[in-house]
Amino acid sequence: MKLRTLSIFEFDAFAEKHPLGSYHQTSNYGMLMSEQGLDYELIGMIDNNNEIVAASLIIIKKFNFLYKYAYAPKGFLVNYYDFNQVKEFTKLLKKRYHSKNISFIKINPEIAIGQVDIKNKHIKYNKNKQIENTLKELKFRKLEGNNKFDTKLPKFNSIVLLKETNINTISKNARNKINKCKKYGLTFEKVKRDKIEILFDFIKNKKDHNINHYYNYYNAFSKNNSIDIFLVKINFEIALISLREKYEKEYQRNLKLVDEVMENPSSTNLKKKLESDKTLSLYKDSISAVTIYLRNNEEKYIAGAITIKYKNRVSILISGFDQEYKFFNANYFLHNEIIEYYKDDYDYLDLNGITGDFTSDNPYKGLNEFKLNWNPVSFEYIGEYDFIINEGLYKNLEQNGVLTKEFKRKEKSINKN
């Protein structure tokens with residue numbers, strides 16, 4: 001066996017056929033990383049018949065002038081059940097990258113070791129969990145306790161089965177909000193690169209990326225039509241009619257609540273009255289904003305998403321909505337329309353991560369609940385591992401706090417949807 005650099009064609013062809021292939025393991029993703037100033041290599045292990053038997057996109061990043069590490073996003077494209085293949089591939093990688101002063105290679109294979117039973121907060125593990133023993137024996141170091149977004153990619157994920165999902169299979173909560181969205185005249189549009197700036201306003205507070213990050217994504221993945229951008233626009237005429245109707249209905253309810261409080265000022269009645277007051281205020285503010293846009297004949301987008309297509313799966317790279325218009329629940333409408341848009345041509349929709357913490361005090365509880373509205377299949381993946389190339393360098397980085405600083409959680413804020 002030997003390692004060699006693969007051509008773009010060789011690597012992408014191999015990845016396309018590999019069971020663990022994902023858009024993270026493509027030449028497109030490598031080109032994206034190069035736009036961010038990182039080096040990358042397309043590496044393959046070749047057998048005696050000159051056939052590629054394992055491969056990986058390897059991204060190289062400098063900590064500083066002295067130290068570097070490598071990253072294989074979504075892990076190596078190897079047969080993890082073949083111990084000898086994994087052992088040989090990692091031995092060759094270690095030999096190659098030790099000479100390049102690489103301290104370790106980080107991997108996070110998309111290997112589902114268990115399916116999450118959300119209702120019972122239980123995980124049913126499968127035989128893939130045995131692969132943990134292989135990695136341990138080969139001296140991979142596992143990042144422990146990463147049940148939230150503590151890793152480069154989420155350890156827990158939810159996948160919508162597109163062919164089996166429709167308005168009747170999702171939660172009642174989601175159905176109600178989607179139906180309300182339609183009454184407000186929301187529309188769904190596929191847009192071009194020039195409207196990334198509009199979308200960026202909805203997502204700029206979610207991660208530490210500037211707008212060029214998303215332009216680079218588009219440039220890398222549009223080469224083979226693997227990226228889509230969607231926006232949700234509001235029809236102000238329809239929205240104004242609906243808002244006025246709802247305001248009048250709530251106003252009449254509020255008057256009755258006033259009488260009830262006068263007759264019986266219980267905590268329950270007072271709470272209902274206060275909630276009604278808030279709802280009326282929200283309707284009033286929304287009517288005012290919509291009236292201004294309608295008067296000025298302006299168009300307004302209030303939500304959007306970027307998706308990546310690879311093989312039979314669509315992945316939501318990122319999505320967001322205008323907090324000023326959160327009353328319209330546009331994110332529910334957006335996700336439902338994405339499902340409808342892709343269901344005829346693809347099998348899976350990757351919702352891009354949940355947490356493994358299903359307790360009531362989880363700060364990401366709202367995010368989890370939003371994604372679980374779509375009745376997805378949820379998995380726990382095998383997690384994040386470091387394959388140590390140079391033990392001395394690795395210990396030095398660890399002791400000096402460099403690793404902690406480099407791999408701190410990237411989310412800037414928690415979107416509860």
Side-chain angles (χ1 to χ4, degrees), residues 6-43 55-61 71-75 77 108 110 152-154 157 159-160 162 188-204 206-231 303-320 334-335 337-339 341-353 410:
L6 302 179
S7 69
I8 288 175
F9 175 79
E10 286 178 311
F11 180 80
D12 286 341
F14 180 82
E16 179 76 25
K17 295 178 181 178
H18 200 279
L20 294 177
S22 75
Y23 80 82
H24 288 86
Q25 279 288 329
T26 60
S27 61
N28 302 69
Y29 198 80
M31 287 185 278
L32 170 67
M33 293 297 102
S34 71
E35 289 294 327
Q36 297 181 7
L38 305 179
D39 295 326
Y40 76 92
E41 297 181 346
L42 304 174
I43 300 299
S56 184
L57 164 66
I58 303 289
I59 298 163
I60 300 170
K61 182 176 181 181
Y71 174 42
K74 291 289 179 81
L77 300 179
N108 39 22
E110 195 173 52
K152 291 180 75 67
L153 294 172
N157 203 6
I159 307 291
V160 173
L162 289 173
F188 177 76
E189 296 181 11
K190 181 179 175 181
V191 298
K192 296 182 179 180
R193 182 182 184 277
D194 60 343
K195 289 190 175 177
I196 288 179
E197 187 174 356
I198 295 173
L199 172 62
F200 186 68
D201 280 340
F202 311 143
I203 61 177
K204 61 186 177 184
K206 296 183 75 172
K207 290 183 179 289
D208 286 322
H209 297 310
N210 60 32
I211 194 170
N212 289 329
H213 175 77
Y214 300 102
Y215 281 127
N216 289 339
Y217 248 104
Y218 189 87
N219 294 340
F221 285 92
S222 62
K223 297 179 187 301
N224 53 357
N225 191 33
S226 296
I227 187 168
D228 289 329
I229 306 169
F230 300 104
L231 291 174
I306 298 176
T307 61
I308 306 292
K309 302 169 289 185
Y310 185 74
K311 299 197 326 186
N312 62 347
R313 175 163 63 167
V314 179
S315 301
I316 296 179
L317 174 65
I318 195 163
S319 68
L334 171 68
H335 279 68
E337 292 298 308
I338 288 174
I339 290 171
Y341 184 86
Y342 287 120
K343 66 189 308 179
D344 290 339
D345 298 318
Y346 295 87
D347 295 324
Y348 308 105
L349 176 67
D350 184 334
L351 296 179
N352 194 13
K410 299 297 183 183

[X] side chain to [Y] backbone, donor-acceptor under 3.5 Å:
X: Asn312; Y: Asp347; result: no
X: Asn157; Y: Gly353; result: yes
X: Gln25; Y: Ser56; result: no
X: Gln36; Y: His213; result: no

Report task. Check the pair Tyr218, Ile306 against side chain to side chain contact (heavy atoms under 4.5 Å, CB included), reporting the backbone distance first and the verdict last. Result -> CA-CA 9 Å; Tyr218 189 87; Ile306 298 176; over 6 Å; no

Query - Check: Thr307/Tyr341 side-chain N/O donor and acceptor closer than 3.5 Å - result: no

Query raised in the report: Applying salt bridge (Lys or Arg N to Asp or Glu O under 4.0 Å), which residue pairs with at least one partner in residues 10-23 are found, sequence neighbours left out?
Result: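 Qualifying pairs, neighbours excluded: Arg4-Glu10.
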
Report task. Any salt bridge (Lys or Arg N to Asp or Glu O under 4.0 Å) involving residues 212-230? Give me the pairs, sequence neighbours left out, ordered by first then second residue. Result -> Lys190-Asp228, Asp228-Lys309

Requested in this report: Supply the atom-to-atom distance Ser226 OG to Tyr310 OH, rounded to the nearest 0.5 angstrom.
Outcome: 9.0 Å

Requested in this report: Kindly write out the residues that satisfy side-chain contact (heavy atoms from CB on, under 4.5 Å) with Ala305, not counting sequence neighbours, or none if the list is empty.
Outcome: Ser319, Leu334, Ile338

Report summary line: Between Leu38 and the options Ile59, Ile60, Leu32, the side-chain contact (heavy atoms from CB on, under 4.5 Å) test singles out Ile59

Query - Parallel, tilted or perpendicular: rings of Tyr214 and Phe200 (30°, 60°) - result: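 It falls in the tilted class, 30° to 60°.
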
Query raised in the report: Taking it one step at a time, do Leu153 and Lys74 satisfy side chain to side chain contact (heavy atoms under 4.5 Å, CB included)?
Result: CA-CA 8 Å; Leu153 294 172; Lys74 291 289 179 81; 3.6 Å; yes

